[in-house]
Amino acid sequence: MFALIDGNSFYCSCKRAFDPKLRNKPVVVLSNNDGCAIARTHEAKDLGIKMGEPYHLARGRPGLEHVIWKSSNYALYGDMSRRMYEVLTTMAPHVEPYSIDEMFLDFRGLNDAPRRAADMLAAVLKIAKIPTCVGIGPTKTIAKLANAVAKKDRAGSGISDLRDPDQRACAYRELAVGSVWGIGPASAQKLNKIGIQTIADFVALPDDEVRKMLSVVGLRTCWELRGISCMPLALAPSTRKSLAVTRSFGKSIDTWPEMERAFSAYAMRATEKLRRHGLVAAAMQVFLQTNRFSKSDRQYVNQTSFAIEPSSDSFTLIGNVTRAARHIWRDGYRYAKAGIILLDLSAAHELPPNFFPSRDPQKSAALMRAMDALNQRYGRNTLRPGTVAAHPRWGMRRANLSPSYTTRADQLLQVRA
DNA sequence: TCTGGGGTCCTAGGACCC
DNA sequence: TCTGGGGTCCTAGGACCC
């Protein structure tokens, strides 16, 4: 048995925790560069402000004069999330953080689950100052669904229990299949097309049909909805597989020196993140793109992915990043977004000591010369211009983790030795 | 003028090998 | 009418989540 506890309008609630004047008012928290709405209190939702809505379009709309727009502060949210976690670990045997504002709880063997949930909800509100909702169910997917049910009932206790099969069946007849965790817009549309509208319709489908339409992922979701648990509680956090630093520019960039500065900054941020997590990267993806929303701008997107020496040395990384970016840079475009993604991560302690970062500029320069030589020698294999690039509509996609990156990294090391 | 920034997993099909 | 068959690796693409 699982419970899912989830902060209500989490980022907004974090702001409210420190600013009581924001209570009972429509508050919206904006993304980076104040680009679009990423969290809304229910007062703001009632005014018709949508998730992801661009700020510059919503701002002037009639009826929104009293909305309080706030820039985001991710350090604060991370801190509030930790507080929430700490409160919960004192009250449940296992807590699995799922996202910044959601945690799965182990509720096995509890005979007073709703009361325990109420205690936790109260404790999180009192100590961490975050209002939450709790969903309870025999599987993670059902707990998640119950949480959504609790959220919808604003006058309710904030707790919803879907353990009882009859109650569940009743709820399934009311709820759209697209409201299930794991059934996104594309899957929902596919299902609608063959007449599946509600969750009740979905769980009645034969396995092979589900599998054919939605792959094993959809089948797992279907089983979970039938009450068969397929997703255990993760007792230890899994190791991270990639790490990204990407930004949209406040103002388009159309000269290489500006872009080079941007990429240098990204590379620095990336090394900070690596160090903080005690990781090194053996491969990297670098991308840039024009403003995909612009009707008048000529569009260009490109990416390159390649192996790097598994080192978190800032100089080396900056050298690699800017060199790769120069590869895909084309004059004559107005760039709106760029970024780097580090792949093939491993714990730093697993590597021999001489891989470790060095702040010695001479050593770094030597490494960069070595990289240059390798790029010349292995050209296509080591530093490959992206073959696909990106869908102009969706922007850049992340490269898959590929063993070949590691192979190329080995090549690099052999040549150095 | 201004449209986020992170993450994960699955699969079809081609290249290549024996 | 038939054109070998089975296996692995990798890429590109699709989909989902917060």
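The analysis underlying the following values was restricted to heavy atoms, covering all of them including side chains, and did not include hydrogens, waters or symmetry mates. Letters A, B, ... mirror the listed sequences (proteins, then strands); counts begin at 1.
- Remark: P of C/dC18 and CE of A/M103 are 14 Å apart, rounded to the nearest angstrom.
- Taking atom CZ on A/F293 and atom C1' on B/dT1, their separation rounds to 15 Å, with Å as the unit.
- One can place NZ of A/K241 at 16 Å from C1' of B/dG6, the figure rounded to the nearest angstrom.
- One can place OH of A/Y55 at 10 Å from C1' of B/dC2, the figure rounded to the nearest angstrom.
- C/dT11 atom C1' lies 14 Å from atom CG of A/L343, rounded to whole Å.
- The aromatic rings of A/F104 and A/W181 sit tilted relative to each other, their planes meeting at an angle between 30° and 60°.
- Between A/R323 and A/E260 there is no salt bridge, since none of the side-chain N atoms of the basic residue sits less than 4.0 Å from a carboxylate O of the acidic one.
- The side chain of A/S252 approaches B/dC2 more closely than any other nucleotide in the set B/dC2, B/dG5, B/dG7.
- Map A/R247 and A/G52 each onto its nearest nucleotide of DNA chain B; the residue landing nearer the 5' end is A/G52.
- Taking only side-chain atoms of A/R59, from C-beta outward, the nucleotide of B/dG7, B/dT3, B/dC2 with the closest atom is B/dC2.
- Between A/Y55 and A/W69, the ring planes lie tilted relative to each other; the angle falls in the 30° to 60° range.
- Summarising the geometry, the separation between CG on A/L214 and P on C/dA15 is reported as 10 Å, rounded to the nearest angstrom.
- At whole-Å resolution of the value, NZ in A/K337 and C1' in B/dC2 are 15 Å apart.
- Near DNA chain C, meaning a heavy atom under 4.0 Å away, the residues from residues 174-205 of chain A are A/V180, A/W181, A/G182, A/I183, A/G184, A/P185, A/A186, A/S187.
- Rounded to whole angstrom, the span from the CZ atom of A/R292 across to the P atom of B/dG5 amounts to 10 Å.
- Ring planes of A/Y266 and A/F249: parallel class, angle under 30° (limits at 30 and 60°).
- Nucleotides B/dT3 and C/dC17 are separated by 25 Å at their P atoms, to the nearest Å.
- Taking the side chain of A/R220 as heavy atoms from C-beta on, and the options B/dC10, B/dG4, B/dT3, the nearest nucleotide is B/dC10.
- Judged by the 6.0 Å and 45° rule, A/R298 forms a cation-pi pair with A/Y333.
- No contact: A/E53 has no heavy atom under 4.0 Å from any strand.
- A/S9 places no side-chain N or O within 3.5 Å of a backbone atom of A/A39 that could act as its donor or acceptor partner.
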